[in-house]
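Worksheet: one structure, shown below.
Numbered from 1 within each chain, the chains take letters A, B, ... in sequence-line order. The model shown is predicted, which means the values in this text are computed figures rather than measured ones.
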There are 2 protein chains.
Amino acid sequence: MDSDVTDGEVTGGEVTALSIGGLSRRTGVHLETVRYYENIGIMPAPPRSAAGHRRYDREHLKRLTFVKRSRELGFTLKEVRALLALVDGGDYTCGEVQDLTLKHLRDVRDKIADLQRLEVTLAEISDKCARGTIPDCPVIETLFRD
Amino acid sequence: MDSDVTDGEVTGGEVTALSIGGLSRRTGVHLETVRYYENIGIMPAPPRSAAGHRRYDREHLKRLTFVKRSRELGFTLKEVRALLALVDGGDYTCGEVQDLTLKHLRDVRDKIADLQRLEVTLAEISDKCARGTIPDCPVIETLFRD
DNA sequence: CTACAGCCTGTAGTAACTACGGGTACAAGG
DNA sequence: CCTTGTACCCGTAGTTACTACAGGCTGTAG
């Protein structure tokens, strides 16, 4: 049980090689998504076992975790690519990274503002509704009015 | 000028027939989108002119306006379809419509909450940044940490 | 008569995956 | 030794809601 070979783990929780399934389970990223990331160049093509199965190491694990966190923070794959390019280049500055983060923060705030306007409108038209059984509905009226 | 034939308008701003371009301009819905709505059954197939051009009337205009407003309020096309089905059936009750609206309102509120959590996290990690030119970046650290 | 706009159809591209179909590989149980 | 089951392989299609061509016809104004 502490040498889960199918996962590619070897000793004491220390990971030396991971199958795609093992990587998927450790990161919580769908197996198909890992392959997808490889196809579009977000993840590098890992070495293969004799049978052609993908073998991942700690670096892959770190990178995929990075991608997953970034996605959870709402960065698009394009933005993630930009962040990775900075990291891969190795000569990124903190300022460059913060620029991307702040731009994304502005996008998020804009979206929140949009949704809040929507929320108000939806609440308003819904409030007009007397919830009768008659087919006369203020919501529909609002949507249909010229 | 007050009989814009290419738009299919006839007299005094009163619309009797609209080309797809005229409908598009009046509603602000992209011409291709109008055709798309026809393909997927959101808009009915209108009659055609001798040359095969689509001819729309006031009912089409009203329906497309309805669809556009609903979309602007963030209803998905599936939800718009449900609203239209109620209207088309003719026997909808105000309660049914309000149910859809309130469900959508809940979705919007959930999304706002999600984005606000994101906003806080992004602001926090960005604030940690000293904006130096050194390649050591707290944002990247956060994204990479185990 | 010749531009040029407007319309026609159908298909492909966008974002970011997810799901599926059909096939191979390998370990454990009988 | 064989079977069963799981994990993996690849490539393609489906999802949402459009948008953007490509290639061709029509219709009108100058």
Residue list, side chain to side chain contact (heavy atoms under 4.5 Å, CB included) with A:A50, at least two apart or on another chain
none
Distance-only check: which donor-acceptor pairs under 3.5 Å involve side-chain atoms of residues 60-70 of chain A, not counting sequence neighbours?
from: A:H60; atom 1: ND1; to: A:D57; atom 2: N; distance (Å): 3.0
from: A:H60; atom 1: ND1; to: A:D57; atom 2: OD1; distance (Å): 2.9
from: A:R63; atom 1: NE; to: A:I42; atom 2: O; distance (Å): 3.0
from: A:R63; atom 1: NH1; to: A:D88; atom 2: OD1; distance (Å): 3.0
from: A:R63; atom 1: NH2; to: A:D88; atom 2: OD2; distance (Å): 2.9
from: A:T65; atom 1: OG1; to: A:L61; atom 2: O; distance (Å): 2.7
from: A:K68; atom 1: NZ; to: A:T27; atom 2: O; distance (Å): 3.3
from: A:K68; atom 1: NZ; to: A:E72; atom 2: OE2; distance (Å): 3.2
from: A:R69; atom 1: NH1; to: B:L143; atom 2: O; distance (Å): 3.1
from: A:R69; atom 1: NH1; to: B:R145; atom 2: O; distance (Å): 2.7
from: A:R69; atom 1: NH2; to: B:R145; atom 2: O; distance (Å): 3.2
from: A:S70; atom 1: OG; to: A:F66; atom 2: O; distance (Å): 2.8

For DNA chain C, the dot-bracket pattern of Watson-Crick and G-U pairs whose distances stay under 3.5 Å, | for other-strand partners:
||||||||||||||||||||||||||||||
Rounded to whole Å, how long is the line connecting atom CD of B:E38 with atom C1' of C:dC7?
13 Å
Between C:dC17 atom P and A:N39 atom CG, what is the distance in whole Å?
13 Å
Pairs meeting criterion side chain to side chain donor-acceptor pair (under 3.5 Å) with involvement of residues 33-47 of chain A, two or more places apart:
A:E38-A:R54
Between C:dC7 and B:S19, is there an OP1 or OP2 to side-chain N/O distance shorter than 4.0 Å?
yes
Closest-nucleotide mapping onto DNA chain D: is A:I20 or B:A50 further toward the 5' terminus? I mean the 5' end.
A:I20
Heavy-atom side-chain proximity of B:L102 to A:L122 below 4.5 angstrom:
no
Figure out the CG/P separation between B:L31 and C:dT9, and round it to whole Å.
11 Å
With side chains defined as the heavy atoms from C-beta onward, is the minimum distance between A:R81 and A:I40 less than 4.5 Å?
yes
Please determine if a side-chain N or O atom of A:R48 lies less than 4.0 Å away from the OP1 or OP2 oxygen of D:dC10.
yes
Is the shortest side-chain heavy-atom distance between A:R55 and A:R48 below 4.5 Å?
no
Report the residue (A:A51 or A:Y37) whose heavy-atom-nearest nucleotide on DNA chain C is the more 5′ of the two.
A:Y37
Are B:L115 and B:L118 packed together at the side-chain level, in the sense that at least one heavy-atom pair is separated by less than 4.5 angstrom?
yes
Going by heavy atoms in the side chains, are A:T101 and A:L105 under 4.5 Å from each other?
no
Gap between atoms CZ and C1', on A:R25 and D:dT6 respectively (whole Å)
10 Å
Which protein N or O atoms sit under 3.5 Å from an N or O of nucleotides 18-22 of chain C?
from: C:dT18; atom 1: OP2; to: A:T33; atom 2: OG1; distance (Å): 2.6

What residue pairs, at least two apart or across chains, pass side chain to side chain donor-acceptor pair (under 3.5 Å) with a residue in residues 106-117 of chain A?
A:K103-A:D107, A:R109-B:E119, A:D114-A:R117
Heavy atoms under 4.0 Å, any strand shown: does B:I40 hit a base, just sugar-phosphate, or nothing?
nothing
d(CG, B:L23; C1', C:dC7) in whole Å
14 Å
Looking at A:R54, does any N or O in its side chain come under 4.0 Å of the phosphate oxygens OP1/OP2 on D:dC9?
yes
Contact list for DNA chain D against residues 71-84 of chain A - heavy-atom distance below 4.0 Å:
none
A side-chain contact here means heavy atoms from C-beta on lying under 4.5 Å apart; do A:T76 and A:V80 qualify?
no
Only one of B:I140, B:T142, B:V120 passes side-chain contact (heavy atoms from CB on, under 4.5 Å) with B:I125; say which it is.
B:T142
